Asker: 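Questions regarding the structure given below will be posed in turn.
This structure is a prediction, so every number in the text was calculated from the model and none was measured. Residues take their numbers from the sequence shown, with the count starting at 1. For ligands, and for the atoms within them, numbers begin at 1 and follow the listed sequence. Heavy atoms only: backbone and side chains are in, while hydrogens, waters and symmetry mates are out.
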Amino acid sequence: MQILERVEETDIQSARDYVTKAYETVRKRNRHESEFLQAVKEIFDSLVPVLARHPKYIEHRILERIAEPERMIVFKVPWVDDQGNVQVNRGFRVQFNSAIGPYKGGIRFHPSVNASIIKFLGFEQIFKNSLTGQPIGGGKGGADFDPKGKSDREIMSFTQSFMNELCKYMGPDTDIPAGDIGVGAREIGYMFGQYKKIRGRYDAGVLTGKGLEYGGSFTRKEATGYGLVYFVEEMMKDQGLSFKGSTVVVSGSGNVALYAMEKAAQFGAKVVACSDSDGYIYDKNGIHLDTVKRLKEFGNKRISEYVDEHPEARYFTGCLGIWSVPCDIALPCATQNEMDEKAAQVLIENGVKAIGEGANMPCSQEAARQFLDSGILFGPAKAANAGGVAVSALEMAQNSTRLRWTAEETDARLRGIMTDIYRKSVKAASEYGRAGYLTDGCNIAGFMKVADAMIAQGVV
Ligand code: NDP
């Protein structure tokens with residue numbers, strides 16, 4: 001018994017040493033990419049128990065290989081604005097890992113986009129896509145273009161120029177982009193149209209998040225938000241809790257936030273606060289989602305305008321303050337690192353019971369650790385927001401069979417997938433001595449499938 005323990009300790013130490021060395025290699029090669037390094041560190045650290053038990057991953061140098069993108073494309077996006085001025089932006093696509101399927105991941109248009117952000121998102125996407133159980137690899141893309149305040153013509157002009165270059169690298173069996181921040185149904189439509197014009201053929205499965213009229217899937221628009229609530233409901237059920245009768249705070253008011261609010265309300269919760277990048281609203285009687293949708297989904301307006309229609313609500317400038325609103329469930333659905341340690345502490349002091357990450361990496365590593373160490377239920381992004389890409393994969397399946405499933409059917413499949421992701425993450429966490437730590441569980445479950453496929457396919 002003592003020998004066994006000693007052997008296990010040695011294995012754990014070798015795994016730790018390997019993780020430190022592999023991370024150092026990645027850090028040296030990408031020293032200015034803080035978001036990417038943050039994501040790599042979080043995942044590598046959680047894999048120690050797996051590497052200790054399966055030294056084959058160390059022998060095959062899987063960590064160094066998985067953290068190096070298969071391909072990174074950086075390109076110029078020139079376009080002409082409404083005043084006739086020539087503008088130039090920078091476009092990116094990272095094709096990170098294709099061990100289990102073609103590259104799949106969204107496109108983000110936001111001024112903050114750079115190589116580090118695209119690589120952090122692409123890296124996380126490898127594990128998330130694997131968790132869905134669908135045959136899709138990891139990728140991500142975007143541009144440092146700010147869609148705010150742009151006319152429809154400018155959006156089309158930019159998006160077409162973006163696609164002129166990106167189309168060389170994508171295809172239904174190669175790389176299938178979708179939406180993300182700043183890229184919704186309108187932008188996907190313009191991208192699809194331009195791709196079709198350049199290629200001269202109708203590849204329905206080359207993009208997901210398409211309109212229902214031309215190959216889109218029911219439930220894709222709602223999928224990330226609904227999936228998040230399905231995941232959190234499942235997590236709460238295990239503790240005898242539920243959305244029913246709970247007070248909920250959701251940050252953001254974009255695609256993920258809107259449909260998380262919708263499903264939370266359908267499950268009997270009261271959503272009292274949401275935000276945009278300028279500030280947040282608090283409506284103690286429950287937010288009127290139809291107003292928020294009118295302002296933010298269809299209106300390109302500011303969330304502050306909500307109080308013009310609902311004077312009983314209050315508007316506060318600044319985003320971080322939203323986490324001081326007392327709630328049972330907090331769903332950060334806006335952007336990366338939007339919740340820090342201090343905000344987490346306030347939520348805990350106010351009695352929060354569950355956190356579900358709708359955005360990618362919205363909680364800093366310290367904030368996440370604080371929730372986990374305080375015994376608060378914590379649904380990590382990679383698992384909790386995988387509903388969007390899962391339904392994207394269902395859209396691809398419908399496109400290739402030329403069938404259209406009903407809304408009920410896609411929604412039922414989405415719920416099944418989210419439940420399965422939750423169960424897989426719980427099982428992996430407990431099998432590797434990290435019971436209750438879903439962050440580790442989802443990293444482990446997502447990693448092993450991809451790593452095994454990489455080993456099977458040789459050094460390529
Ligand atoms: P959208 O562009 O539709 O919405 C983003 C929302 O967040 C907007 O309301 C924006 O405000 C707000 N916002 C931006 N920064 C802040 C901030 N610091 N504080 C508060 N609000 C802020 O994007 P999505 O909803 O599609 O994406 C949101 C997150 O979810 C991202 O992290 C994305 O990667 C992730 N995600 C999205 C998926 C999808 O299917 N769409 C799938 C999986 C993950 P404003 O209106 O002022 O710009």
Asker: Describe, in one word, how the ring planes of Phe316 and Tyr280 are oriented to each other, choosing from parallel (under 30°), tilted (30 to 60°) and perpendicular (over 60°).
Answerer: parallel

Asker: Tell me which residues fall inside the under-4.0 Å heavy-atom shell around ligand 1.
Answerer: Arg108, Lys148, Asp180, Ile181, Gly182, Arg220, Thr224, Gly252, Ser253, Gly254, Asn255, Val256, Ser275, Asp276, Ser277, Lys296, Arg302, Cys319, Cys333, Ala334, Thr335, Gly358, Ala359, Asn360, Asn385

Asker: Ion pair present between Lys293 and Glu262, side-chain N to carboxylate O less than 4.0 angstrom?
Answerer: yes

Asker: Fit a plane to each ring of Phe162 and Phe109, take the angle between them on a 0 to 90° scale, and name the class: parallel (under 30°), tilted (30 to 60°) or perpendicular (over 60°).
Answerer: perpendicular

Asker: Does anything in residues 111-124 pair up under salt bridge (charged side-chain N to carboxylate O under 4.0 Å, His left out), and if so which pairs, sequence neighbours excluded?
Answerer: Glu33-Lys119, Glu124-Lys382

Asker: Parallel, tilted or perpendicular: which fits the ring planes of Phe371 and Phe378, with parallel below 30° and perpendicular above 60°?
Answerer: parallel

Asker: Flag the pair Arg90 and Asp144 as a salt bridge only when some basic side-chain nitrogen lies within less than 4.0 angstrom of an acidic carboxylate oxygen.
Answerer: no

